[in-house]
There are 2 protein chains.
Amino acid sequence: MGTPQLTKNQSLVMGALAHSDGPMSAYTILDKLRDHGFRAPLQVYRALDKLLEYGLVHRLESLNAFVACTCPHEHEHDHGVTAFTICEGCGQVTEFHDEAIEERLSSLVRTQNFKTEKTTIEIRGHCKSCA
Amino acid sequence: MGTPQLTKNQSLVMGALAHSDGPMSAYTILDKLRDHGFRAPLQVYRALDKLLEYGLVHRLESLNAFVACTCPHEHEHDHGVTAFTICEGCGQVTEFHDEAIEERLSSLVRTQNFKTEKTTIEIRGHCKSCA
DNA sequence: TCGCACACGTTATAGCATAACGCAATTGAT
DNA sequence: ATCAATTGCGTTATGCTATAACGTGTGCGA
C-alpha cells in the first residue's frame, strides 16, 4: 500500500506543485502544463485525485487550491491530522501536525459518536513578515 | 458593536438558513427565495457577507455552503474558534467550541509568529445514525 | 483471448463567486 | 436645508472551480 509509480500526468502535476512557492489552483496548474500537452481541467483533476489519495498533495479548502505535502517521509503510513497556516499577504502556506490537537479533537468527536474520515484545519492570517 | 437590524434581504437569507435542516449553498438559497423577489446570486452573497460579519452565519469551506450559527447568545462578543462535524451521510452539521484546542492552536501559531485572523476546523465523517 | 481495470483525451455542462454599472435611501456634518 | 458619504439594492455579464459522459488505448490475469 505504498505510493505506486506515478503516471506521466501525475508526475507533471506533482512537479508543478513541488516547484511552486505556494498553493496553486487546478486551473493555474493547467496553464503551467499547457506546454506539456495539457488541454483540459480533467487532466489536472484526475492527477490531483490520485496525488491526494497517495498523500503527496493536500487540498486547501479555504482557497480551492492545492499544495505539495512538505512531510516527505510520512507518505507511507497515513498519519493524523494536517493543519495549515495560510498568509493572506504573501500566500505562504505552512503545514504542521500536532498530536495534542489530534487527540483532543478525536475525543470531542467521540462524545458525538461521530466517525471521522477527514479533518480540515486551516488558519488564515498574516505571517511574521507580512504582519 | 452589536448586531444591527437586518435588512429585508438579510432577514430572508437568515430565515432560509435558520429553517433549513442543514447547510445550503448560495444558489440553493437563491432558489428558495425566488418567490420573495430574489433573482440574482449577488443578492444572496451580499446578504451572506453581512450575516457572516455579524456572526449569525458560518461558512463551511469544505462544502462551499452556509449554516446558521447555533450559538445564539455568542453573537455579541466575538468568541474564539468554531469547529464543525459534517456527516457525509445525512448532511447534518454540528457546531462546537473548545477552549483547549483554541489555546493549543494559538500557542502553536505563536511559535511561527503568525497572526491568526480566521480559523477553520471541519471534520468530515459519519454521524452516529449514519455510521 | 477475453474481460477487466485503469489511465487518458475531449466536449460539454454544472456549480460557485464576483466585477462593474447605476439607482435609491439614509445619515450626518456644515 | 443641503451636500457628501455610506449603504443597500438590482441587473447584466463574466470568471473561476469542478464534474458528467463519452470513447480510446494499454496492460494484465483468468
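Lettering of chains follows the sequences in order, A, B, ..., and the numbering in each one begins at 1. It should be emphasised that the depicted structure is a prediction, and the values quoted were computed from it without experimental measurement.
- Partners of B/Glu117 according to the salt bridge (Lys or Arg N to Asp or Glu O under 4.0 Å) rule, which considers only residues two or more places apart in sequence or in another chain, do not exist here.
- Side-chain contact between B/Ile86 and B/Ile123 is absent, with no heavy atoms from C-beta onward closer than 4.5 Å.
- Positionally, the nearest nucleotide of DNA chain D for B/Gln10 lies more toward the 5' end than for the other of B/Asn64 and B/Gln10.
- Remark: aromatic rings of A/Phe66 and A/His58 are distant, center separation not under 6.0 Å.
- Applying the salt bridge (Lys or Arg N to Asp or Glu O under 4.0 Å) rule to pairs touching residues 122-131 of chain B yields B/Glu88-B/Arg124, sequence neighbours excluded.
- Protein chain B contacts DNA chain C from C/dC16 to C/dA20, reading 5' to 3' and using non-hydrogen atoms of the protein with a distance under 4.0 Å.
- Shortest non-hydrogen contact noted between B/Val57 and B/Leu52 is O-CD2, 3.2 Å.
- A donor-acceptor contact closer than 3.5 angstrom links the side chains of B/Glu95 and B/Thr70.
- Residues meeting the salt bridge (Lys or Arg N to Asp or Glu O under 4.0 Å) test with A/Asp31, sequence neighbours left out: A/Arg34.
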Please tabulate, for the side chains in residues 107-115 of chain B, all donor-acceptor contacts under 3.5 angstrom to protein atoms that are two or more places apart in sequence or on a different chain.
unit_1, atom_1, unit_2, atom_2, d
B/Arg110, NH1, B/Ser106, OG, 3.3
B/Thr111, OG1, B/Leu108, O, 2.6
B/Gln112, OE1, A/Thr85, OG1, 2.8

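- Counting all heavy atoms, side chain and backbone alike, B/Gly89 lies closest to B/His126 at N-CD2, 3.7 Å.
- Contact check of residues 32-46 of chain B against DNA chain D (heavy atom, cut-off under 4.0 Å) returns B/Arg39, B/Ala40, B/Leu42, B/Gln43, B/Arg46.
- Residues forming a salt bridge (Lys or Arg N to Asp or Glu O under 4.0 Å) with B/Arg104 (at least two apart in sequence, or on another chain): A/Asp98.
- Distance alone, capped at 3.5 Å, places no donor-acceptor pair between the B/Glu103 side chain and the B/Ala100 backbone.
- Each end of the helix from C/dT1-D/dA30 to C/dT30-D/dA1 gets its own rotation axis from five pairs of C1' atoms, and the angle between them is 30° to the nearest 10 degrees.
- Of all non-hydrogen atoms in B/His97 and B/Cys71, the two that sit nearest each other are NE2-SG, 3.5 Å.
- Contact footprint of chain B on DNA chain D: nucleotides with an atom under 4.0 Å from a non-hydrogen protein atom, first to last in 5' to 3' order, D/dG8 to D/dT12.
- Residues B/Cys127 and B/Cys90 come closest through the heavy atom pair SG-SG, 3.7 Å.
- Residues forming a salt bridge (Lys or Arg N to Asp or Glu O under 4.0 Å) with B/Arg46 (at least two apart in sequence, or on another chain): none.
- Near DNA chain D, meaning a heavy atom under 4.0 Å away, the residues from residues 17-27 of chain A are A/Ser25, A/Tyr27.
- Residues that satisfy the side chain to side chain contact (heavy atoms under 4.5 Å, CB included) test with B/Lys32, not counting sequence neighbours, are B/Met24.
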